[in-house]
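Take a look at the structure below.
When reading the values below, keep in mind they use all heavy atoms of this one structure, side chains included, and skip hydrogens, waters and symmetry mates. Sequence lines set the chain letters: A, B, ... in the order given, protein chains first and strands last, and positions in each chain run from 1.
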Number of protein chains: 2
Amino acid sequence: MLNNSQYIDKLRSSGLRPTKQRIKICEVLFNTHKTFHFTINELVKRISKLTNDKISLATVYNTVHAFKNKGYLKEIPINSDQSYFDTNTSHHHHFYDETQKDLIDIDDADVEPVKINTRIPGKKIKSVEVLVKVEDDKS
Amino acid sequence: MLNNSQYIDKLRSSGLRPTKQRIKICEVLFNTHKTFHFTINELVKRISKLTNDKISLATVYNTVHAFKNKGYLKEIPINSDQSYFDTNTSHHHHFYDETQKDLIDIDDADVEPVKINTRIPGKKIKSVEVLVKVEDDKS
DNA sequence: TTCTACATTATAATAGTTCTAAACTGTTGA
DNA sequence: TCAACAGTTTAGAACTATTATAATGTAGAA
Ligand SMILES: [Mn+2]
Ligand SMILES: [Mn+2]
Ligand SMILES: [Zn+2]
Ligand SMILES: [Zn+2]
């Protein structure tokens with residue numbers, strides 16, 4: 001929920017030039033109360049609903065990767081033919097509804113901390129992600 | 001660690017015709033003490049090392065999917081351009097070394113049970129998978 | 001043995017993503 | 001102010017994992 005000049009500052013401060021494409025994508029991704037999950041394809045649709053000047057597909061890919069690298073987005077690992085991204089970068093886990101192909105946040109308060117009692121020598125833990133697959137309960 | 005006639009029984013009992021391709025793939029996948037993770041590409045290489053009659057790529061894909069559907073294999077969700085499969089179908093979680101692009105089993109005894117204190121109405125839990133991403137520890 | 005449904009195969013098609021290289025633009029500093 | 005340059009955008013091509021196609025082959029039933 002920032003305004004454009006705040007996005008400009010944010011982009012600049014992380015070393016990204018505030019181009020009009022990036023500012024527009026910031027608006028689409030971050031001008032909302034609720035965070036959300038998206039595929040590139042879905043993002044392209046959201047963008048085209050909000051603007052007349054189209055942004056090329058390559059730029060959408062470039063920007064999403066840049067934002068992911070800067071920590072503005074997370075990528076969620078699931079078995080899918082396409083990548084899923086998350087505007088919620090705080091620590092949390094997911095339900096994945098394989099029927100609806102829909103990712104749903106699990107509030108971190110609803111998950112007991114995951115304890116891993118083993119390590120890999122020479123490696124440090126970067127992230128711990130829980131994916132809970134769900135399906136229709138026909139019973 | 002079964003012999004061919006046992007694979008034949010296993011395939012028949014799950015409604016899959018025991019073709020020579022499927023039996024060969026069973027040998028490659030299950031004739032080993034240790035379970036392992038693989039991509040289709042890696043599996044094709046393993047197969048060609050163990051046999052002279054080549055198996056077509058389409059058959060490898062078909063067979064892996066059939067085995068997955070029958071529960072002989074699991075697919076592991078990670079962010080990768082290719083799918084990862086696991087011959088270890090017992091309940092367990094994974095380290096993923098993003099540098100080496102290597103999946104490593106976490107013994108289930110080394111993970112405290114994951115407690116999810118929320119549900120999605122009308123859906124039942126199919127699986128709970130933990131992915132621990134690791135990277136080189138330069139410190 | 002004959003029949004048929006199932007399986008294999010080579011190859012084409014698909015689709016998400018990345019690459020290329022030319023045109024464009026934000027920023028810097030003279 | 002504005003030239004210079006590095007960073008960015010873009011259309012389209014290329015890439016690659018996976019799936020579809022449709023013809024041929026085969027396991028198992030009768
Ligand atoms: Mn969705
Ligand atoms: Mn491997
Ligand atoms: Zn999320
Ligand atoms: Zn495993």
For A/Tyr72 and A/Ser14, run side chain to side chain donor-acceptor pair (under 3.5 Å): C-alpha distance rounded to whole Å, both residues' side-chain angles, the deciding distance at 0.1 Å, then the answer. CA-CA 10 Å; A/Tyr72 303 156; A/Ser14 53; 2.7 Å; yes
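- Of the inter-residue distances, the one linking A/Gln82 atom CD with A/Asn41 atom CG reads 6.0 Å to the nearest 0.5 angstrom.
- Boundaries of the chain B contact region on DNA chain D are D/dA17 to D/dG28, first to last in 5' to 3' order (nucleotide atom under 4.0 Å from a heavy atom).
- In this structure the side chain of A/Phe36 never reaches within 4.5 angstrom of the side chain of A/Asp86, judged on heavy atoms.
- Relative ring orientation between B/His91 and B/His93 is described as perpendicular, the plane-to-plane angle rising above 60° on a 0-90° scale split at 30° and 60°.
- Using the six-membered ring where Trp is involved, A/Tyr7 and A/Phe30 have ring planes that are tilted, between 30° and 60° apart.
- Between B/Ile25 atom CD1 and C/dA7 atom P the separation is 13 Å, expressed in whole Å.
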Walk along nucleotides 23-30 of chain C from 5' to 3' and tag each nucleotide B, S or - by protein heavy-atom contact under 4.0 Å, base first, then sugar-phosphate. --BBS---
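- In this structure, A/Asn79 places its CG atom 16 Å from P of C/dG16, rounding to the nearest Å.
- In summary, of the residues considered (B/Asp102, B/Asn88, B/Asp105), a side-chain hydrogen bond (donor to acceptor under 3.5 Å, both in side chains) with B/His37 occurs for B/Asp105 alone.
- The CG atom of A/Leu43 sits 15 Å away from the C1' atom of C/dG16 (whole-angstrom rounding).
- Here the C1' atom of nucleotide C/dA15 and the CD atom of A/Gln82 are 9 Å apart, to the nearest Å.
- If you measure from atom CG of A/Asn69 to atom C1' of C/dT18, you get 14 Å, rounded to the nearest angstrom.
- Counting non-hydrogen atoms under 4.0 angstrom, A/Asn41 reaches nothing in the nucleic acid.
- Within 4.0 Å (heavy atoms only), A/Thr39 reaches no atom of the nucleic acid at all.
- Within the structure, side chain to side chain donor-acceptor pair (under 3.5 Å) pairs that include any residue of residues 18-29 of chain B comprise B/Asn4-B/Glu27 (at least two apart or interchain).
- Residue B/Asn62 is the one, among A/Ile40 and B/Asn62, whose nearest nucleotide of DNA chain C lies closer to the 5' end (criterion: closest heavy atom).
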Steps toward salt bridge (Lys or Arg N to Asp or Glu O under 4.0 Å) verdict (B/Glu135, A/Lys123): CA-CA 5 Å; B/Glu135 63 184 355; A/Lys123 306 278 175 180; over 6 Å; no
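- For the pair B/Ile116 and A/Asp110, the minimum side-chain heavy-atom distance is 4.5 Å or more.
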